[in-house]
Amino acid sequence: MNKHLANVNGWTIGAVLIIILLFLPNVSIVTGVFSPVSENWAHIKEFMLFNYIKSSLTLVFFTALFTIIIGLSLAWLIAQYDFPLRNFMKWALILPLSIPPFIGAYTYHGIINYTGVIQKTLRNHFDVTPNPAYFDIMNVPGAIFIYTLFLYPYVYMITRIFLSHQSASLIESARTLGKGPLEIFFKVVLPISRVSIIGGASLVVLEVLNDYGVVKYFGIQTFSTAIFQTWFGLGDLDAAIKLAASLMGIVIFILVIERLLRGGKQFSYSTTKVRPLPLVRLKGRKAVFATLYTVVIFSVAFLIPILQLIDWVILTYGKVPMQDVLFYTKNSVIVAGLGAFLVIVFSLVVGNFSRVVNHKFAKILPKLTVLGYSIPGVVVAVAVITTFIALDRFLAPVYQYLGMDSELVLSVSLFMLISAYVIRFFAIGYNSIETGFDKIGTDFRDASRMLGANSLRTFFKIDVPMMKGAIISGFILVFVDILKEIPLTLILRPFNYDTLATKAFQYASDEKIMEASQASLLIVGVSTIAIFVFHKLLREEPK
Amino acid sequence: MFMDIKNLQFSYPKSPLNTVDNFSFTVEKGEVISILGRSGSGKSTLLRLIAGLEMPAGGAFTLNGKKMFCDKTFLQPEKRGIGMVFQDYALFPHMSVEENILFGLPKMSRKDKKKRAQEVLELVELIGFEKRYPHQLSGGQQQRVALARALAPEPELLLLDEPFSNLDTDLQVKIRGDLRRILKKAKTTAIFVTHNQNDAHALADRIVKIKDGKIEKIGRPCDLLGVSPTEIPGMVEITYEELIGV
């Protein structure tokens with residue numbers, strides 16, 4: 001009897017199909033590399049490519065550097081010390097994640113430009129008219145500033161969890177050996193948290209490479225904007241694919257570097273006994289400094305932009321018709337809800353397959369889909385659209401047979417956008433579901449089958465109810481990510497289909513910054529609630 | 001023959017040795033069998049093979065005239081009519097005691113199901129605990145619920161994986177006696193694996209000693225282990241490992 005064949009059943013077939021579908025578009029990028037070279041591509045390669053690489057890597061390098069400095073220092077402060085406001089800051093410092101960088105970018109531009117609150121106050125109340133050039137953030141350093149503010153929580157979050165759960169005994173023994181705080185920081189904390197710092201920083205790097213909103217708004221030439229321009233400006237999809245492939249190469253290069261830096265260690269925090277690090281209470285000047293530092297970061301990265309957005313919403317009240325906002329909200333909720341739902345269903349099928357089928361292949365295959373999240377949205381968009389156009393060509397006889405006029409059916413439908421979301425965000429949902437499956441193990445499943453329940457009944461009666469937490473948190477994470485998403489939505493949405501994110505982006509691009517505030521505040525509001533639910537209710541609840 | 005296993009073969013991937021090697025064995029109806037061996041001897045794997053949770057590399061197994069597996073067929077675990085009590089009980093945490101028991105009952109009226117649940121709860125002396133959830137029960141109570149749940153569908157064969165390993169020592173002795181009484185009262189054919197020869201001695205009609213996936217000895221407890229170890233003064237509790245270590 002063939003052991004592996006006997007395991008082939010509905011789950012396997014479903015899971016393999018899903019994984020192939022998630023992968024297929026990437027193949028179209030790779031094959032695109034070998035297509036004939038167009039004139040545009042020759043031009044891009046000779047005159048522009050180097051600049052794209054340079055500006056993309058500059059953004060990546062400095063953003064990584066600054067997010068590590070801020071994220072690590074905050075994580076260390078919160079994990080090791082007690083000071084006024086610490087308990088609030090512990091999770092409030094995550095909140096900047098709820099502001100998509102492009103919203104942060106135009107908000108800050110609005111705050112400090114000529115008609116913004118800072119220059120206006122200086123002019124009207126202090127009679128100072130500074131050189132407006134001092135206040136220009138629409139350049140590379142400005143973009144690094146914006147990315148750092150709104151992406152540092154990745155480093156902070158992962159490192160803090162690591163430090164407060166894993167390091168107690170090491171730090172305590174260093175203390176008993178008579179080491180001072182600075183020495184402990186550089187000789188113990190820094191080396192042991194290397195893996196989590198790199199884990200957080202690589203998320204930041206992938207976000208920077210993925211970003212389209214900030215660089216487009218600031219007019220910086222990077223890969224994302226170049227792919228967009230080549231495709232829509234020059235109408236050269238082949239050249240766009242070649243650019244996308246180059247960007248994919250950079251991403252894979254970065255992933256390899258990340259692996260090497262981790263020293264072969266997978267980032268994971270063990271589930272064995274967690275002993276929290278006892279806090280050192282800061283007093284006097286030190287306490288004031290610690291509180292001040294966290295308050296400043298929190299204000300600049302969250303409070304100030306939020307207050308500005310609220311101010312604009314009040315100023316423009318009535319200017320943007322309420323029913324428009326409701327309409328975009330509805331669209332956003334539909335695509336994000338549908339996308340998140342599909343991601344979770346697919347993750348459950350693939351996760352169950354990986355758990356049940358005891359074969360190396362079944363463990364490795366799902367891990368590969370994580371690549372989808374590493375690949376920037378613009379690249380996914382190029383990949384998905386080429387695949388769907390090919391699909392439409394392939395199905396043309398069917399359309400004719402059905403008496404449809406158009407030759408493009410799938411590639412102009414909402415279906416294409418949703419598929420792209422699923423490809424891009426599958427890894428987020430899958431991570432959560434896989435953790436859930438790991439937690440419950442296989443014993444309950446075995447027990448259920450020994451009681452006469454088949455695979456399907458076991459799945460719905462035992463697995464799904466027991467994984468409620470993982471399912472809800474996976475859904476929330478994907479939902480929020482889709483809500484904030486820009487490049488995929490802009491490229492792949494059906495004609496005139498607007499979501500909160502695309503509308504906010506368009507208003508901002510048209511220099512109607514204030515009108516963008518309503519949609520932006522809604523996105524930030526929903527994301528904030530989701531982060532709150534996720535960290536306060538789901539994660540930190542003792543089980 | 002009620003249960004008949006012939007030339008059972010099994011190995012885990014990457015392992016050069018067979019975990020279960022050419023295992024042949026028969027059981028009469030109503031017998032309580034103990035599989036005794038130290039950890040890593042393949043005894044739990046054997047149980048999982050009988051249950052259908054692992055797929056054998058070769059061999060044949062019939063239960064009450066029904067083919068469980070042979071060269072051509074492999075019956076899925078849910079179709080075998082075999083019950084199992086897991087080492088850590090695997091009680092569904094999101095279901096009450098009663099729901100846990102009802103889960104395994106075949107299609108019948110709601111009233112009959114409830115009646116059957118009451119019967120098994122009475123058997124394990126847990127009437128009144130229907131609405132409790134697993135985490136509200138003590139270890140011994142959880143074990144009895146797991147037993148009741150496995151017995152409720154009236155399986156042709158009951159498997160128990162280290163049934164006492166998660167209990168306190170003084171509780172073990174009491175539960176051991178209860179378990180034998182319950183199994184005999186329900187006239188259940190049962191196989192349980194253990195590393196503790198006191199358990200095997202107190203519970204089993206016959207003991208199968210296994211080593212490296214092969215049968216070392218089969219026999220009645222008194223023939224195999226002599227006088228019950230608990231009856232020898234000064235030797236109250238001794239594990240199999242300790243015994244072989246001597």
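Just so it is clear, the values below take in all heavy atoms, side chains as well, and ignore hydrogens, waters and symmetry mates. Convention: sequence-line order gives letters A, B, ...; per-chain numbering from 1. Owing to the predicted nature of the structure, the values given are computational and were not obtained by experimental measurement.
Heavy atoms closer than 4.5 Å to chain B are found in the side chain of A:Arg457, but not in its backbone. Using a 4.5 Å cut-off between heavy atoms, B:Arg48 contacts chain A through its side chain alone, with no backbone atom that close. Heavy atoms closer than 4.5 Å to chain A are found in the side chain of B:Leu53, but not in its backbone. Only the backbone of B:Leu91 comes within contact range of chain A, judged by heavy atoms closer than 4.5 Å. Neither the backbone nor the side chain of A:Lys468 comes within contact range of chain B; no heavy atom of the residue lies under 4.5 Å from a heavy atom of that chain. Contacts between A:Thr442 and chain B at a heavy-atom distance below 4.5 Å are absent for every atom of the residue.
The two atoms that bring A:Phe444 and B:Phe92 nearest to each other are O-CE2, 3.4 Å, heavy atoms only. Closest of all the heavy-atom pairs between A:Met450 and B:Phe86 is CG-CZ, 4.1 Å. Shown here for B:Ala90 and A:Asp443, the closest heavy-atom pair between the two residues is CB-O, 3.9 Å.
Your options are B:Arg149, B:Gln87, B:Lys79, and the one with the most heavy-atom pairs under 4.5 Å with chain A is B:Arg149. Ranked by heavy-atom pairs under 4.5 Å with chain B, the list A:Gly441, A:Pro465, A:Ala453 is led by A:Ala453.
No side-chain heavy atom of A:Asn454 sits less than 4.5 Å from a side-chain heavy atom of B:Gln76.
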- Message: side chain to side chain contact (heavy atoms under 4.5 Å, CB included), that's the test. Do A:Ile462 and B:His94 meet it? Break it down for me.
- Response: CA-CA 8 Å; A:Ile462 305 298; B:His94 59 298; 4.2 Å; yes
